[in-house]
Amino acid sequence: MSSKVISVLICLFIFHLLAAGSVAGCKIGVYEVKNGDFSVKITNYGARIISVFLPDKNGKIDDVVLGYDTVKEYINETRYFGALLGRVGNRIGGAQFTLNGTLYKLVPNEGNNTIHGGPKGFSFVVWKVSEYVQDGPCPHITLTYHSADGEEGFPGDVLVSVTYALKDPYKLSVEFKAKSVNKATPINLSHHPYWNLRGHNSGDVLSQVVQIYASHITPVDEQLIPTGEISPVKNTPNDFLKPRKVGSRIDKVQIGYDRNYVLDSNEKMKAVAIVYDKKSGRVMDIQASAPCVHFYTANWIINVKGKGGFVYQPHSALSLETQGYPDAVNHPNFPSTIVNPGKTYAHSVLYTFSIKK
């Protein structure tokens, strides 16, 4: 094979990587930010949180998010362990929407629908590490990504960033930002840690207690696409306005919770949820600027070999994904998720961890 042919093949290979969402000059790596006995590990593949280490009431350190031992195992996995979700998190019905008179057809990846931005959404691209401070007074990492016009069918170029930072003892801040460069486009960023406050390898979360500050949900059809209704949770198994064990009424919601809740507060940073595990004493309090939170109890995690060879099963974790209204592009009565050219989307989340003895 001639050197000219080899050069062409190399160029084609590099072009393929770029088209698949990789960032030139970027390698997949693992980065840790830490503050004493509290630490978080992130990979720039999918801007994922892959470990969160916390002490329990006896001082024992555990990793409290599900995941894998190696970064390689995250590549193209479809359970979204710890992943950043975008360009539009959650589902878009029919994998299409109309914006300013133009019909945009997306790449479906859940039946006829699109979930979490499509098969090559933000969870499956390599992000650039723009800033990284491992420890000290403000340990943090900022990851950036340029989403091209037409990527997964979405209009316009978008410049995206996420910053994971440890704020004070036992506080994890997540700051999402996205700027629409040249076309109006929907943006709804979220992320998908699978939390088990007793430890990733401790079994199910059915005895852990959850409180969600939301009086309404957005009901869905058989394909989990919102109907456009906003319904009260009162006198239903979806009511977590008062603290309840996850498993207290889970048998009344088919295979488990997979619900978008509309948060009650209109404050800029609003109360989202509190999770408490009695055995470990760990408490997680969530605040966010987003109007909704999606509560999911790992219903489709079946015989998944995770960290240390532990096999994860349904209800082995819970996710509380703060977000905008799902499928808002197809429901005019929902608050818009459209970001116009030159405007910036922002979404903040604050996790505060503590011990209750």
Side-chain angles (χ1 to χ4, degrees), residues 85-106 108-118 121-122 152-156 158 176-178 180 183-192 212-234 236 238-241 257-273 286 288-296 319-341 343-349:
L85 310 175
R87 178 177 306 194
V88 175
N90 214 300
R91 296 171 175 87
I92 294 179
Q96 63 181 23
F97 62 92
T98 299
L99 178 59
N100 296 332
T102 299
L103 175 65
Y104 292 96
K105 293 188 176 182
L106 309 176
N109 59 331
E110 188 183 62
N112 295 320
N113 307 308
T114 295
I115 187 170
H116 300 330
F122 293 177
E152 298 301 274
F154 289 100
V158 175
F176 304 97
K177 290 183 180 179
S180 174
K183 292 181 183 179
T185 189
I187 300 175
N188 185 15
L189 305 183
S190 186
H191 71 149
H192 208 312
I212 301 174
Y213 297 98
S215 302
H216 295 80
I217 61 168
T218 51
V220 294
D221 63 19
E222 66 280 356
Q223 296 183 60
L224 302 179
I225 301 300
T227 63
E229 301 168 280
I230 299 174
S231 300
V233 299
K234 188 176 181 180
T236 76
N238 298 310
D239 187 351
F240 284 89
L241 284 165
Y257 291 97
D258 198 352
R259 305 279 189 275
N260 175 65
Y261 286 75
V262 180
L263 297 169
D264 289 339
S265 174
N266 290 317
E267 298 292 325
K268 184 176 180 181
M269 282 296 285
K270 51 188 69 70
V272 175
I286 306 174
S289 61
C292 300
V293 63
H294 197 95
F295 179 42
Y296 174 59
S319 294
L320 288 157
E321 307 151 57
T322 58
Q323 60 182 6
Y325 281 65
D327 199 30
V329 288
N330 290 312
H331 298 284
N333 59 311
F334 286 175
S336 177
T337 55
I338 301 301
V339 180
N340 289 311
K343 300 297 183 181
T344 298
Y345 162 101
H347 172 192
S348 302
V349 190

CG (Asp264) with more than 12 external heavy atoms under 6.0 Å: yes
Thr185 and Ile187, any side-chain heavy atoms less than 4.5 Å apart: yes
Side-chain heavy atoms of Phe122 within contact of Leu189, under 4.5 Å: yes
OH on Tyr104 to CZ on Phe154, rounded to 0.5 Å: 11.5 Å
Residue pair Asn113 / Pro108, side-chain heavy-atom distance below 4.5 Å: no
Donor-acceptor under 3.5 Å (Asn330 side chain, Gly228 main chain): no
Residue pair Ala273 / Tyr213: nearest heavy atoms and the distance that separates them: N-CD1, 3.8 Å
His331 and Phe334 aromatic ring geometry - parallel, tilted or perpendicular at 30°/60° bounds: tilted
Side chain Asp327, main chain Ile225, donor-acceptor under 3.5 Å: no
Polar side-chain atom of Ser336 near backbone of Ile338 as donor-acceptor pair, under 3.5 Å: yes
Atom pair CG/CG of Asn100 and Asn340 - distance to nearest 0.5 Å: 7.5 Å
Donor-acceptor pair between His294 and Tyr296 side chains, under 3.5 angstrom: no
Between NE2 on residue His116 and CD1 on residue Ile92, distance to nearest 0.5 Å: 11.5 Å
Sidechain-backbone polar pair: Tyr261 side chain, Asn238 backbone, donor-acceptor under 3.5 Å: yes
Reported CZ-to-CG distance for the pair Phe295 and Asn260, which is rounded to 0.5 angstrom: 13.0 Å
Considering all heavy atoms, the nearest Lys234-Asp239 contact: CA-OD2, 4.0 Å
Closest heavy-atom pair and its distance - Ala346, Ser289: O-OG, 4.3 Å
SB check Arg91 Glu110 (cutoff 4.0 Å): yes
Heavy-atom pair of closest approach, residues Asn90 and Pro326: CG-CB, 3.6 Å
Any donor-acceptor N or O pair under 3.5 Å, side chains Thr227, Glu229: yes
Check: Ser180 side chain, Lys183 main-chain N or O, donor-acceptor pair, under 3.5 Å: yes
Contact summary for Pro186 and Val329, nearest pair of heavy atoms: CB-CG1, 3.6 Å
Ser190 side-chain N/O to Leu85 backbone N/O, donor-acceptor pair under 3.5 Å: no
Check: Tyr257 ring centre within less than 6.0 Å of Phe240 ring centre: yes
Verdict with reasoning, Leu320 to Ile212, per side chain to side chain contact (heavy atoms under 4.5 Å, CB included): CA-CA 9 Å; Leu320 288 157; Ile212 301 174; 4.3 Å; yes
Neighbour count above 12 (heavy atom, 6.0 Å) for Asn333 CG: yes
Worked check of side chain to side chain contact (heavy atoms under 4.5 Å, CB included) between Val262 and Tyr325: CA-CA 8 Å; Val262 180; Tyr325 281 65; 3.1 Å; yes
Taking every non-hydrogen atom, the tightest pair across Ala288 and Thr322: CB-CG2, 3.6 Å
Nearest-0.5 Å distance that lies between atom NZ in Lys270 and atom SG in Cys292: 9.0 Å
From Thr344 atom OG1 to Lys177 atom NZ, the distance as rounded to the nearest 0.5 Å: 8.0 Å
